[in-house]
Structure formats: C-alpha cells, structure tokens
Amino acid sequence: MATALQKFHRLSGIIIACFLLLHFTNHLFALAGPQSHIRVMEIFRKLYRFPPVEILLLACVASQIVSGVTLIVRKGFRRQPVAVKVQVLSGIYLALFLINHVAAVMLARYQWHIETDFYFAANVAVEFPSKLFFIPYYTLSILSVFVHVASIHFLKRTNWPVNSVHSVKLGKIKREAFAIFALGAVITVLVMISFTGLLYKIG
C-alpha cells in the first residue's frame, strides 16, 4: 500500500505531467517554425505563468526532488528489480535536470532579463561547442520523462512488490511500457529536430 510520501510524490508528479503535456505540445509546434512555437507558447503561458499556477508548479518541482530523493534512500537500490532501478535512475536524472533548468529559466527572467522563448533553448542546441552538451542534455531529459512513466506503469500494473502476474498478462504489460517509451522516443526525436534543424534553415 502506498505511503503518504508516495501519494504526495505521485500527486505532484501528475501536476507536473499536465504541465509537460503542454510543454511538449508547444515544442512540437516548432516543427512548423519558431514563430508557431512562440505563438502557442504565449497562449499556454497565460495558464502556467498565472502566479498561483506558477507557484504551484514550482512547489511541485521542489517537492518532486525532495520526496523522490527521500523515497530512493528509503527504498534502496542494489537489490531492487530492473524496473525499479530504471525508475530510480531516470528520476535522478530528472531531478538534476529540473534543478538546473528551472534555475536557468529563473535567472534568465529575473536577473539576465532575457526572453525564455524558442531561441533561449535552440541557440545553445545549434552553437558549437555548447551543442555538444545541450543536445544530449535535452534529449535525455525528454526520454527520462517517458522512461520514468513507463517504469511506474509497469510496476503498478504488475502490483509490485507482490508481482503475482500471469505470464500472458506480464507480456501485455511489458508491451504497454515499451509503447510509452516508444512514444517518448518519437516525441524526443521530433522536439530535437525542431530545436536543431529549424535554426539551420533560418540562420
């Protein structure tokens, strides 16, 4: 049975997932050009930059990091099944990414006073040598979201740690988890094309 901390972690994760749905949708519009991305971003920002919503999102990010690290420490790592290890490793990467990414966005907005639009992310993904870091950095961040969700889906569907699942059902659950990862891989490729290919065309 889920503990209070696990339920809290799950709830804050669901709220962040709702934001990420908008965020990834916004990024995919960049396939039609930077201006399409910016127009959609301006619409979405009316929701997630509304002060109470933004404060809630920032609180959820902080709680995800703190509660996630706490759960990792409590759960341990070495003797866990592969799905749990995948969940933990993807969660660690996401925590590190969120700390760095949110800090960069906040600094850009409030200290550097620069716009955090399409070009904020895309410029570092096309310029040398910054692209050597930022392309894998962004790629792994998106993949980690879907890997994390896929591993959680697998563990919940198999009723881990009970794990009393018929082999036929287990195969179906594995296919479902792989489908989540495959969707994430497609979205990752499309987003990275939008952030690395378009600027070559316009610049």
Side-chain angles (χ1 to χ4, degrees), residues 1-28 48 56-105 121 133-192:
M1 189 173 181
T3 64
L5 183 62
Q6 287 173 320
K7 291 178 180 178
F8 179 69
H9 185 75
R10 188 181 304 152
L11 177 61
S12 60
I14 290 171
I15 294 171
I16 292 174
C18 292
F19 165 75
L20 289 177
L21 177 62
L22 296 180
H23 199 56
F24 292 154
T25 300
N26 189 183
H27 286 345
L28 291 174
Y48 64 73
L56 175 63
L57 285 171
L58 291 173
C60 285
V61 168
S63 68
Q64 273 285 290
I65 294 168
V66 174
S67 60
V69 171
T70 303
L71 288 170
I72 289 169
V73 172
R74 287 183 181 180
K75 187 181 293 185
F77 182 79
R78 296 182 64 180
R79 295 186 179 182
Q80 299 295 339
V82 173
V84 174
K85 290 180 179 179
V86 170
Q87 179 192 8
V88 168
L89 291 174
S90 59
I92 290 172
Y93 186 85
L94 286 173
L96 294 173
F97 176 83
L98 286 171
I99 291 170
N100 188 64
H101 190 65
V102 171
V105 170
F133 170 77
F134 281 99
I135 289 177
Y137 169 73
Y138 287 145
T139 299
L140 286 174
S141 69
I142 302 173
L143 278 177
S144 291
V145 170
F146 288 91
V147 168
H148 199 66
V149 172
S151 59
I152 292 170
H153 175 81
F154 178 83
L155 291 168
K156 285 186 68 63
R157 291 275 281 133
T158 54
N159 299 313
W160 184 86
V162 177
N163 250 345
S164 56
V165 180
H166 191 276
S167 59
V168 174
K169 185 180 179 183
L170 182 60
K172 182 176 183 292
I173 295 170
K174 287 181 178 178
R175 289 192 295 272
E176 291 170 355
F178 180 79
I180 294 171
F181 169 75
L183 174 64
V186 171
I187 291 175
T188 300
V189 170
L190 292 176
V191 169
M192 295 314 299

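Just so we're clear, the structure is a prediction, and the values are computed from it rather than from any experiment. The figures here come from the full heavy-atom set of this structure, side chains too, leaving out hydrogens, waters and symmetry mates. One-based numbering along the sequence shown.
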Inset, instruction - Measure the CD1-CZ distance between Ile180 and Phe154 for me, rounded to the nearest 0.5 Å. - result: 11.5 Å
Inset, instruction - Pick out which of Ile16, Ile15, Val69 makes a side-chain contact (heavy atoms from CB on, under 4.5 Å) with Gln64. - result: Ile16
Inset, instruction - Enter the distance from Thr188:OG1 to Leu143:CG here, rounded to the nearest 0.5 Å. - result: 4.0 Å
Inset, instruction - Considering non-hydrogen atoms only, spot the tightest contact between Ser144 and Ser90 and give its length. - result: O-CB, 3.8 Å
Inset, instruction - Return the orientation label for the His101 and Phe97 ring planes: parallel under 30°, perpendicular over 60°, tilted otherwise. - result: parallel
Inset, instruction - Search all heavy atoms of Tyr137 against all heavy atoms of Tyr93 and return the closest pair with its distance. - result: O-OH, 3.0 Å
Legend entry - Nearest-0.5 Å distance that lies between atom CD1 in Ile152 and atom NE2 in His148: 4.0 Å
Inset, instruction - Check Ile135 against Thr139 and note the closest heavy-atom contact, atom names and distance. - result: O-OG1, 2.7 Å
Inset, instruction - Check the pair Ile65 / Val61 against side-chain contact (heavy atoms from CB on, under 4.5 Å), numbers first and verdict last. - result: CA-CA 6 Å; Ile65 294 168; Val61 168; 4.1 Å; yes
Inset, instruction - Of all the heavy-atom pairs spanning Ser141 and Leu94, show the shortest one and how long it is. - result: O-CD2, 3.5 Å
Legend entry - Over all atoms of both residues, closest heavy-atom pair of Thr25 and Leu21: OG1-O, 2.6 Å
Legend entry - Closest non-hydrogen atom pair between Ala177 and Ala150, with its separation: O-CB, 3.4 Å
Inset, instruction - Give, for atom CG of Leu190 and atom CD1 of Ile142, the distance between the pair rounded to the nearest 0.5 Å. - result: 10.0 Å
Inset, instruction - Kindly check if the number of other-residue, nucleotide or ligand heavy atoms within 6.0 Å of NZ (Lys156) is above 12? - result: no
Inset, instruction - For atom CZ of Phe133, decide whether the heavy atoms of other residues, nucleotides or ligands shown that lie under 6.0 angstrom number more than 12. - result: yes
Legend entry - Between CG on residue Leu5 and OG1 on residue Thr70, distance to nearest 0.5 Å: 6.0 Å
Inset, instruction - Determine the interplanar angle of the His23 and Phe19 rings, folded into 0 to 90°, and report it as parallel if under 30°, tilted if 30 to 60°, perpendicular if over 60°. - result: parallel
Legend entry - From Lys169 atom NZ to Glu176 atom CD, the distance as rounded to the nearest 0.5 Å: 9.0 Å
